[in-house]
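Have a look at the structure below, then the notes.
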Amino acid sequence: MQRIVLGVISALFVLLTPLTAFAQEKLHDPAAGWYSHFNLWLIISIVIYLVVTIPLIYFPFKYRRKKTNQDGAYIQGNTALEILWIVIPIIITLLLGVQSWALFTEYRTVPKDAFEAKSVAFMYGFEMTSPEGITTMNELRVPVGPVKMNLTSKDVIHDFAIPHFRVREDMLPGRTTYLWFNAKKPGEYPVFCSFYCGTGHSGMLAKVIVMEKNDYDEWVKKQKGASEAAAASPELMGKELLDKSGCTGCHSITGEVKMGPSLKGILGKKTILADDSTVTVDEAFIKEKITNPEAKRIKGFPPVMPPTQLKPGESEAISAYLKTLK
Ligand code: HEC
Ligand SMILES: [Cu+2]
């Protein structure tokens, strides 16, 4: 009997060791590690399911009472079986534990040469900053390769999730968290907020755009050129501010109504406030609306516009740009 037990245990080890080794080798990419991890759990779960379910169905037929007053067999226990069903689960649990730990470590250990970007969440959007200091809204461009994201939040708890890369991490006000992923193929990958954060939560959509290294470098050059041009012209600076401050996530400049009213032709327009009074939109109103949106809510829209802190001259630049939108 002992021989059988020992035989089964060593067979299990022989079977399972290559599996962990295989998983280890693929772990350079957390997403790939996640696949082998998932598959291992799936295989083990199916085996356990069958080991339990097949006898469960078969035994009631095989050992059913065949004559009335038939006595059941008197079974006192089976040492070998008991050892087996203690030892095998221990081995399986240890194996899954070691695997999980290895995968967790992979998720937390960022490769040294990783591209390092930053995202700050707010109600409702993601501000992204590239290592070169270029800020974009709800859109992050990265070159092919490992990417580390430093994450934080301006207001409430959000969560940065990229399903394609099998990563997600909470974004907490007052604390910086991180995640990393291996962006292997150029393309666009959706980003979601996966922590319910308020009425605009479902609209917190962004994307990671993975580019070839030289395409990325070219994009960086172009952005730098654009911000130099913007510094020379308030209209251009206003346009850039509108994108950078997240306004365009909620406001179109084309007349289309998104989360908030369109900003097209807004200057000089009469607007109805939540208390049914009417105001004419001028530069002072726009400045107040940006820094303290609470004060004058517009009728017919949810009161979700967040306050934005502006540097001197920025509100004037935004108004200058809005004037150009006829
Ligand atoms: C989360 C979405 C959101 C963001 C971000 C946002 N707004 Fe708004 N905005 C709204 C909504 C909704 C309203 C209407 C309700 C209200 O007054 O709060 C509004 C109203 C306005 C109005 C008044 C419009 C009118 O018809 O009179 C202006 C001007 C405005 N926003 C400018 C901005 C600017 C500039 C920014 C960027 C600094 C910005 N908003 C950012 C949602 C947003
Ligand atoms: Cu959110």
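The figures here come from the full heavy-atom set of this structure, side chains too, leaving out hydrogens, waters and symmetry mates. Whatever order the structure lists ligands and atoms in, that order sets their numbers, starting from 1.
Using a cutoff of 4.0 Å between basic side-chain nitrogens and carboxylate oxygens, K287 and E316 are scored as salt-bridged. A salt bridge links D217 and K213; the closest N-O separation between the charged side-chain nitrogens and carboxylate oxygens is under 4.0 Å. A salt bridge links E169 with R108: the closest approach of a Lys/Arg side-chain nitrogen to an acidic carboxylate oxygen falls below 4.0 angstrom.
Close contacts of ligand 1 with I266, meaning ligand atoms under 4.0 Å from a residue heavy atom, involve 24 (C), 25 (C), 26 (O), 27 (O). The K269 neighbourhood of ligand 1 comprises atoms 26 (O), with distances under 4.0 Å to a heavy atom of that residue.
Here salt bridge (charged side-chain N to carboxylate O under 4.0 Å, His left out) pairs that include residues 119-138, with residues two or more places apart or in two chains, are E127-K154.
Counting protein heavy atoms only, atom 18 (O) of ligand 1 is closest to R297 NH1, 2.6 Å. Atom 27 (O) of ligand 1 has as its closest protein heavy atom T271 OG1, 3.1 Å. In this structure, atom 15 (C) of ligand 1 lies nearest to the protein heavy atom F301 CB, 3.5 Å. Ranking the protein heavy atoms by distance from atom 12 (C) of ligand 1 puts P302 O, 3.3 Å first.
At a cut-off of 2.8 Å, measuring from the Cu ion (ligand 2), the protein N, O or S atoms that fall short of it are H158 ND1, C193 SG, C197 SG, M204 SD, waters left aside.
The side-chain hydrogen bond (donor to acceptor under 3.5 Å, both in side chains) search around D282 returns none, not counting sequence neighbours.
Under the 3.5 Å distance criterion, the side-chain polar atoms of S153 are left unmatched by any main-chain donor or acceptor of L172.
Note on ligand 1: P306 sits in its first shell, one or more heavy atoms being nearer than 4.0 Å. Distances shorter than 4.0 angstrom occur between a heavy atom of G246 and an atom of ligand 1.
For atom 8 (Fe) of ligand 1, the count of nearby protein N/O/S atoms, taking only those under 2.8 Å, is 2.
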